[in-house]
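The structure appears below as structure tokens.
Reckoned from all heavy atoms, side chains included, excluding hydrogens, waters and symmetry mates. All of these numbers come straight from a predicted model, not from anything done at the bench.
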Amino acid sequence: MSDKKVRVRFAPSPTGGLHLGGVRTVLFNYLFAKKHKGDFVLRIEDTDQNRYVDGAEQYILDCLKWCGITPDESPVVGGQYAPYRQSERKPIYRQYAEKLVAEGHAYYAFDTAEDLDKKRKEVPNFQYGLATRNGLRNSLSLPLQETEKLLHDGTPHVIRIKMPEGETVNFNDMIRGHVSFETNQVDDKVLLKADGMPTYHLAVVVDDYLMKITHAFRGEEWLPSAPVHILLWEYLGWKADMPEWAHLPLILKPDGHGKLSKRDGARLGFPVYAMNWWDAKTNELTPGFRELGFLPEAFLNLLAMLGWNDGTDQEIFSLDEMIEKFSIERISKAGAKFDFEKAKWYNAEWIKRTDAETLKLKVWDILKANNVIVKDEAYLLKVIDTIKDRCVLLTDFYQQAAYFFQQPAEYDLNAVKPKWTDAKTDFFTAFIGILSSPETFDAAELEAKFKALAEEKGLKAGDVMLPFRIMLVGGKFGPHVFDIAKLLGESETIIRIEKALEAFTA
RNA sequence: GGCCCGUUCGUCUAGGGGUUAGGACGUUAGAUUUUCAUUCUAGAAACAGGGGUUCGAUUCCCCUACGGGCUACCA
């Protein structure tokens, strides 16, 4: 690697929520930058005014924040290469496109979108390029005077790159190694649109150059247009500063074919976006990992493992650990099918490994959202510690924790009522006596007393254990029942037994 | 169709000229937990096919097949 300071960018276009693959691209960019003590730049590629969606940029910012990834330069924090929104850089691009025209590497094209649509329908496999450009309306095919007149009259036009004839574009991809393309196979891409905005092809090259980007990570879907970009770097005279390319493997649908899309999430029942995305136009909510109950640490971890590993059996990595161990050589070439089951496993692991103090606020929010009021923080911490190993998603904390804060709204009566006897009522009445005694017992002692009492009353402990749980919890779930009783406290336990007894014997 | 990229258990992957091809998720069976989950133990499960090269290929090369991407004045 050269001695230049590493600078990478994540360049999303603000057209909606951020997709899994997008976040993974951010992550790999960020890991690489931080690994090499470089800069991570966020650049907004909003050159398509038709696809621009309000709120999408803020969403991207929020998403990075949730993930704990802080850009060194961005539209909001600025930086020495500002502005970082391509729409605000519009005046920059034209001169480069004109320079390319002047030097014979690009040309003006006057064909309308309708003309070309028609052409594509008529001619199978139509491409605007070497074989066809002479028969179309552009500064290559038209007489000079006519081109000048059209330009002078302000006729709408685009600028297209003129792909050279019979050349091979070679380059080295950090992930794929040597890749080459025949220029005859690549069409004359539009560089500057009729509205004066650059297309991605021009903008990415100009901005990467101006922003001194040293390594360019992007999805594999960009590989076919790489020769256009490489030629542009060359034609603009910047070849020596061209970043190294890394085309990341795609994240694929779990079942069928193709890359993962928003639709797959809805179809298969798992999120595809990082966070909830609400589309104001369609009034449609696309669910996100965050709201479903994923920890950002788990989310990043599972994304990283989709296409990267450190060469050992380790699967759980913190962000810092990933920065330390990251290397491009260990990114796989093939696309990875997304597996939601494994994704959940990562989250469960992260919940287990995260201490109650760190989980506190998030659990608090989830309980609050479900109208469970937490008054005692120390108590909440104890509750979290006793239940976190049984939670896969943060949202599971609601079911697992609610009964610690409020009496069961209803009981699983089918599990107790059919087998209820007066002896059981008698047992629990006596057990209330034990709980009421001035002496207090820990969970194990309480269990011993409970069992001894059962025997004394001629009952099997198992016959009263489940009813006891249902009295406290409402259903057949939760941690050890005596731990629950201890956490609830003697008086609350007594209240719940009495209340439940009424329901069971009614 | 054309061009480009890819191919190890169902999935994510490790490995690499000679291995009992390893791990994880999921799955199956069992143990623990007088709930459920956790946890633990064990099991089933893979080198796409065909040619080379080689004493020996899953590993290197070629072809085929299959999968994926691109083929917009979208990114």
Side-chain angles (χ1 to χ4, degrees), chain A residues 11-15 45-48 50-51 86 109 111-113 116-117 120 124-129 156-160 173 175-177 179-182 184-187 189-201 203-204 218-227 247 249-250 252-259 302 305-316 330 332-346 348-349 352 387-392 396 399-400 412 415 451 460-466 468-470 473 475-481:
Chain A
S13 52
T15 54
E45 308 229 341
D46 53 349
T47 54
D48 185 354
N50 300 318
R51 293 215 309 158
Q86 288 181 333
D111 321 83
T112 64
L116 296 176
D117 277 348
R120 289 194 181 93
N125 307 322
F126 173 80
Q127 276 206 154
Y128 204 123
H157 64 276
V158 301
I159 293 180
R160 286 179 182 271
D173 185 280
I175 294 172
R176 276 148 229 289
V179 180
S180 70
F181 292 86
E182 296 305 319
N184 290 10
Q185 304 286 347
V186 184
D187 55 350
K189 294 278 182 229
V190 170
L191 264 21
L192 200 74
K193 301 186 248 187
D195 64 2
M197 277 289 196
T199 59
Y200 171 84
H201 306 296
V204 73
R218 68 204 333 188
E220 194 188 347
E221 71 267 29
W222 289 108
L223 203 47
S225 47
H247 290 91
L250 266 14
L252 276 10
K253 299 176 198 290
D255 56 348
H257 316 285
K259 55 177 176 174
L302 71 92
M305 301 312 283
L306 243 33
W308 177 83
N309 69 80
D310 77 338
T312 71
D313 285 343
Q314 185 175 344
E315 295 199 86
I316 303 296
R330 298 210 61 89
S332 37
K333 295 179 176 72
K337 286 184 184 162
F338 179 68
D339 181 359
F340 190 50
E341 291 307 316
K342 184 114 190 199
K344 285 192 287 190
W345 174 79
Y346 279 105
E349 286 299 311
K352 271 183 243 169
I387 61 173
K388 73 191 176 85
D389 283 8
R390 36 207 329 127
C391 294
V392 171
D396 293 339
Q399 196 218 23
Q400 291 295 334
D412 184 352
K451 286 178 174 170
K460 278 185 279 183
D463 292 339
V464 277
M465 204 79 113
L466 185 63
F468 187 35
R469 165 176 301 279
I470 289 172
V473 175
K476 289 192 266 187
F477 58 91
H480 291 289
V481 68

(request) Kindly give the heavy-atom pair with the smallest separation between A:Gly478 and A:Arg390, and that separation in Å. (result)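 Distance-wise, the nearest heavy atoms are O-NH2, 2.9 Å.
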
(message) Looking at every heavy atom in both A:His201 and A:Ser225, which two are closest together, and how far apart are they?
(response)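 Minimum heavy-atom separation between A:His201 and A:Ser225: CE1-CB, 3.6 Å.
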
So what does [X] hit on the nucleic acid, given a heavy-atom distance under 4.0 Å: a base, only sugar-phosphate, or nothing?
| X | value |
| --- | --- |
| A:Lys344 | nothing |
| A:His480 | base |
| A:Asp111 | base |
| A:Val190 | sugar-phosphate |
| A:Ala334 | sugar-phosphate |
| A:Gly219 | nothing |
| A:Lys189 | sugar-phosphate |
| A:Arg330 | sugar-phosphate |
| A:Pro479 | base |
| A:Ser225 | nothing |
| A:Met465 | base |
| A:Ala336 | sugar-phosphate |
| A:Thr15 | nothing |

Sticking with atom [atom1], work out how far [N] lies from [M], rounded to a whole angstrom.
| N | M | atom1 | answer |
| --- | --- | --- | --- |
| B:rG50 | B:rA65 | P | 15 Å |
| B:rG51 | B:rA46 | P | 22 Å |
| B:rA44 | B:rG69 | C1' | 35 Å |
| B:rA57 | B:rG52 | P | 11 Å |
| B:rU11 | B:rA72 | P | 32 Å |
| B:rG22 | B:rU59 | C1' | 16 Å |
| B:rG30 | B:rG67 | C1' | 39 Å |
| B:rC47 | B:rC5 | P | 26 Å |

(request) From the options A:Arg330, A:Lys333, A:His247, select the one residue that forms a side-chain contact (heavy atoms from CB on, under 4.5 Å) with A:Ile175. (result)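 Among A:Arg330, A:Lys333, A:His247, the one meeting side-chain contact (heavy atoms from CB on, under 4.5 Å) with A:Ile175 is A:Lys333.
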
Using whole Å, report how far [atom1] of [X] lies from [atom2] of [N].
| X | N | atom1 | atom2 | value |
| --- | --- | --- | --- | --- |
| A:Lys342 | B:rU13 | NZ | C1' | 8 Å |
| A:Ile159 | B:rC73 | CD1 | C1' | 12 Å |
| A:Asp389 | B:rA37 | CG | P | 14 Å |
| A:Trp222 | B:rU71 | CH2 | C1' | 13 Å |
| A:Asp310 | B:rG22 | CG | C1' | 15 Å |

Among [options], find the nucleotide with the atom closest to the side chain of [X].
| X | options | answer |
| --- | --- | --- |
| A:Arg176 | B:rU38, B:rG6, B:rG23 | B:rG6 |
| A:Glu341 | B:rC25, B:rC73, B:rU71 | B:rC25 |
| A:Gln127 | B:rA75, B:rU71, B:rC12 | B:rU71 |
| A:Lys193 | B:rG69, B:rC25, B:rC74 | B:rC74 |
| A:Ala194 | B:rA75, B:rU35, B:rC73 | B:rC73 |
| A:Leu116 | B:rU35, B:rC12, B:rC73 | B:rC73 |
| A:Asp48 | B:rC74, B:rU35, B:rC73 | B:rC74 |
| A:Leu306 | B:rC12, B:rC73, B:rC25 | B:rC12 |

Does [X] make a side-chain N or O approach to OP1 or OP2 of [N] shorter than 4.0 Å?
| X | N | result |
| --- | --- | --- |
| A:Lys476 | B:rA37 | no |
| A:Asn125 | B:rG1 | no |
| A:Lys352 | B:rA37 | no |
| A:Ser332 | B:rU13 | yes |

Under a 3.5 Å cut-off for both contacts, is [N] paired Watson-Crick or G-U wobble with anything, and if yes, with which nucleotide?
| N | value |
| --- | --- |
| B:rC25 | B:rG10 |
| B:rA44 | none |
| B:rC70 | B:rG2 |
| B:rU19 | none |

(message) Could you check whether any side-chain heavy atom of A:Tyr346 comes within less than 4.5 Å of a side-chain heavy atom of A:Met305, counting everything from C-beta outward?
(response)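 Yes - at least one pair of side-chain heavy atoms lies under 4.5 Å apart.
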
(request) With the side chain counted from C-beta on, respond yes when A:Pro156 and A:Thr112 share a heavy-atom pair under 4.5 Å apart, and no when they do not. (result)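 Side-chain contact under 4.5 Å: no.
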
(request) Please round to the nearest 0.5 Å and tell me the distance separating atom CZ of A:Arg218 and atom CG of A:Leu223. (result)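 The CZ atom of A:Arg218 sits 8.5 Å away from the CG atom of A:Leu223.
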
(request) Any chance you could measure A:Asp339, atom CG, to A:Trp345, atom CH2, to the nearest 0.5 Å? (result)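 Separation between the atoms: 11.5 Å.
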
(message) One pair to check against salt bridge (Lys or Arg N to Asp or Glu O under 4.0 Å): A:Arg51 and A:Asp48. What are the steps and the verdict?
(response) CA-CA 6 Å; A:Arg51 293 215 309 158; A:Asp48 185 354; 3.7 Å; yes

(message) Would the base of B:rU38 count as contacting A:Arg390 through its side chain, where contact means a donor and an acceptor less than 3.5 Å apart?
(response)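 In this structure, the two groups form no donor-acceptor pair.
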
(message) Can you work out whether A:Asp313 or A:Pro156 has the more 5'-proximal nearest nucleotide on RNA chain B?
(response)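 That would be A:Asp313.
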
